[in-house]
Amino acid sequence: GWFVQAEAPPGAIFTSFRETIIRDHRSKIGQQDVALYFVHWLTDLAGAEPTPLAGCEKFVTKFPLPVLNSFLRSFSFVERIATQTETQVMEDYLKVRWEEHETKLGPLPTGDSAIAKMRLVCMAQMNANAVVTAFDSLSEDDIDMLSLEMSRTGCVGQTFSQNLVPKEAFSRCEGPAFLVYYGPAFFQSLGNDSPAKRLCVLADIYRCARGLWPSSAAKVNTCVTIRIDVIKTLSTVDMQEATSRGDVWMLMKHNETEAFVEKNSKKHINRLIASGQEFQMIDLASLKLLK
């Protein structure tokens, strides 16, 4: 799921798997072996059910055809991890997903925001056109934030192609990279909400995460998970209404590899500060300026 929906940076998706291939099998595993592994994984999904019929029904009722097709389409890319780097595999996949999107998105993007836009297409799925169109209406600060943070690979010595990412992402490999857990659900539940406002919220979540984990070359191969469970199905109107009642949205650091978006009362902030809790405030003020 992390790969199909471009939810995670390539390091979080592939590094452990690739290292196992190299370390345990001395690179003797080929693409056909990786392909067989994923066929086995696919049958395991059905095999987890108690009867063959229930296993077949699982693919029909729990895996809508577009979702199942996306998984199957991804196999031909995942098997390349036997011969390519994590970032090369992901870049190739993102390009094909853009080109094969059901509703045409136009030519492949280039420039600083290209990787961010291609990842957002995979995340938003049926809402991809609206989200990509809204991206260019954001403030320069938000565009820069999304372009940079969504271009980090989480891999030592690896970057996406120079013409697809900001200069900083290409010339300075730093980390940690961020995995925004439930990021796809946040955009797939768009409904009548403003895609620009949701992008603005995502940009500020990345901004808060970077405040908690300053970038460093020493952390280039690490990945931090940012959990947004609590807002994944909320509209930006819901979030703003909470602030109008006196609550605040914050990104709370739980440990060295995880932070959670949480809602707290303003009265609770002083206790958090007194206890030494690390957190960053999510700023929703700029949403009022967006349509």
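By convention here, the first residue in the shown sequence is residue 1.
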Handout entry: Pairs touching residues 216-226 that satisfy side-chain hydrogen bond (donor to acceptor under 3.5 Å, both in side chains), sequence neighbours left out
Key = none
Exercise for the section: Apply side chain to side chain contact (heavy atoms under 4.5 Å, CB included) to F77 and D92, showing your working. Expected result: CA-CA 8 Å; F77 291 89; D92 289 346; 4.2 Å; yes
Exercise for the section: For the residue pair N255 and T257, confirm or rule out a side-chain donor-acceptor distance under 3.5 Å. Expected result: yes
Problem - M123 side chain reached by M150 side chain, heavy atoms, under 4.5 Å - result: yes
Problem - Closest heavy-atom pair and its distance - I13, A8 - result: CD1-O, 3.4 Å
Practice task
Indicate if L190 and V180 have the same hydrophobic cluster label, given that clusters are the connected sets of ILVMFWY residues with side-chain heavy-atom separations under 4.5 angstrom.
Solution key: no
Practice task
Find out if a path of hydrophobic residues (ILVMFWY) with successive side-chain heavy-atom gaps under 4.5 Å connects L179 to V78.
Solution key: yes
Practice task
Please tell me if the side chains of V131 and F135 come closer than 4.5 Å, counting only heavy atoms from C-beta onward.
Solution key: no
Practice task
Using atom types as modelled and distance alone, determine if a side-chain donor or acceptor of T15 lies under 3.5 Å from a backbone N or O of A12.
Solution key: no
Exercise for the section: Please check if the side chain of R227 supplies one atom and the backbone of V261 the other of a donor-acceptor pair under 3.5 Å. Expected result: no
Problem - Gap between atom CD of Q125 and atom CZ of F187 - 0.5 Å precision - result: 13.0 Å
Exercise for the section: Provide the closest heavy-atom pair for K104 versus N129 in the form atom of the first, atom of the second, distance. Expected result: O-ND2, 3.5 Å
Problem - Within-4.5 Å side-chain heavy-atom neighbours: L199 and L146 - result: yes
Fill in the blank from the handout: Interatomic distance, NZ@K197 vs CG@L138, rounded to 0.5 Å, equals 12.5 Å
Handout entry: Atom of C208, atom of M281 and distance for their closest heavy-atom approach
Key = SG-O, 3.2 Å
Practice task
Kindly compute the distance separating CZ (R80) from CD (E86), expressed to the nearest 0.5 Å.
Solution key: 15.0 Å
Problem - F178 six-ring face occupied by R152 cation (under 6.0 Å, within 45°) - result: no
Practice task
Please round to the nearest 0.5 Å and tell me the distance separating atom OG of S74 and atom CD of Q5.
Solution key: 11.0 Å
Practice task
May I ask you to say whether R198 pairs ionically with D193, meaning some side-chain N is under 4.0 Å from a carboxylate O?
Solution key: yes
Handout entry: Validation row: T159, V165 side chains within 4.5 angstrom (heavy atoms)
Key = no
Exercise for the section: State, with a plain yes or no, whether a side-chain heavy atom of V201 is found less than 4.5 Å away from one of I228. Expected result: no
Practice task
Please say whether the positively charged group of K117, taken as NZ for Lys or CZ for Arg, lies over the ring of W98, i.e. under 6.0 angstrom from the six-membered ring centre and within 45 degrees of the axis.
Solution key: no
Exercise for the section: Could you state whether V156 and V89 fall into the same hydrophobic cluster, counting links through intermediate Ile, Leu, Val, Met, Phe, Trp or Tyr residues with side-chain heavy atoms under 4.5 angstrom apart? Expected result: no
Enumerate, atom names and distances included, each donor-acceptor pair closer than 3.5 Å involving a side-chain atom of residues 107-114, sequence neighbours excluded.
none

Practice task
Please say whether the positively charged group of K232, taken as NZ for Lys or CZ for Arg, lies over the ring of Y182, i.e. under 6.0 angstrom from the six-membered ring centre and within 45 degrees of the axis.
Solution key: yes
Fill in the blank from the handout: Residues at least two apart in sequence or cross-chain that pass side chain to side chain contact (heavy atoms under 4.5 Å, CB included) with D144, listed by chain then number, are E140
Practice task
Start with the C-alpha distance between M239 and I231, add both sets of side-chain angles, then the distance that settles side chain to side chain contact (heavy atoms under 4.5 Å, CB included), and finish with yes or no.
Solution key: CA-CA 8 Å; M239 296 180 69; I231 65 167; 4.0 Å; yes
Practice task
Report yes if the side chains of F279 and L251 come closer than 4.5 Å at any heavy-atom pair, otherwise no.
Solution key: no
Exercise for the section: Establish, from distance only, whether the side-chain atoms of S76 and R73 form a donor-acceptor pair under 3.5 Å. Expected result: yes
Problem - Validation row: Q277, I273 side chains within 4.5 angstrom (heavy atoms) - result: no
Practice task
Measure across E258 and V224 and return the closest heavy-atom pair with its distance rounded to 0.1 Å.
Solution key: N-CG1, 4.2 Å
Problem - Pairing residues for T87 by the side chain to side chain contact (heavy atoms under 4.5 Å, CB included) criterion, not counting sequence neighbours - result: P10, T85, T153, C155, Q158, F160
Practice task
Look at the side-chain heavy atoms of Ile, Leu, Val, Met, Phe, Trp and Tyr, link any pair under 4.5 Å apart, and say whether L164 and V96 land in one connected group.
Solution key: yes
Handout entry: Cluster overlap F170 with V220, hydrophobic side-chain contacts below 4.5 Å
Key = no
Handout entry: Charged N-O contact under 4.0 Å between R207 and D142
Key = yes
Handout entry: Donor-acceptor side-chain pairing of E262 and H254 below 3.5 angstrom
Key = yes
Completion exercise
Tested for side-chain hydrogen bond (donor to acceptor under 3.5 Å, both in side chains) against Y93, the lone hit among E91, K95, R97 is R97
Practice task
Flag yes if more than 12 heavy atoms outside E100 fall under 6.0 Å of its CD atom; otherwise flag no.
Solution key: yes
Practice task
Could you work out the complete set of other residues in the hydrophobic cluster of F260, with links drawn between I, L, V, M, F, W and Y side chains under 4.5 Å apart?
Solution key: none
Practice task
Report the C-alpha separation of W249 and L284 in whole Å, then their side-chain angles, then the decisive distance to 0.1 Å, and conclude whether the side chain to side chain contact (heavy atoms under 4.5 Å, CB included) test is met.
Solution key: CA-CA 9 Å; W249 294 98; L284 300 183; 3.6 Å; yes
Handout entry: Side-chain heavy atoms of M252 within contact of N264, under 4.5 Å
Key = yes
Practice task
Evaluate the criterion side chain to side chain contact (heavy atoms under 4.5 Å, CB included) for residue pair V248 and T243; output intermediate values, then yes/no.
Solution key: CA-CA 5 Å; V248 292; T243 59; 6.0 Å; no
Practice task
Under the side chain to side chain contact (heavy atoms under 4.5 Å, CB included) rule, collect the residues that match up with T51, sequence neighbours excluded.
Solution key: L53, A54
Exercise for the section: Work out which heavy atom in K253 is nearest to a heavy atom in A259; give both atom names and the distance. Expected result: CA-CB, 4.0 Å
Completion exercise
Between E168 and L148, the two heavy atoms sitting closest are OE1-CD2, 3.7 Å
Exercise for the section: To the nearest 0.5 Å, tell me how far T103 OG1 sits from N127 CG. Expected result: 10.5 Å
Exercise for the section: Give, for atom CG of L234 and atom CD of E241, the distance between the pair rounded to the nearest 0.5 Å. Expected result: 10.5 Å
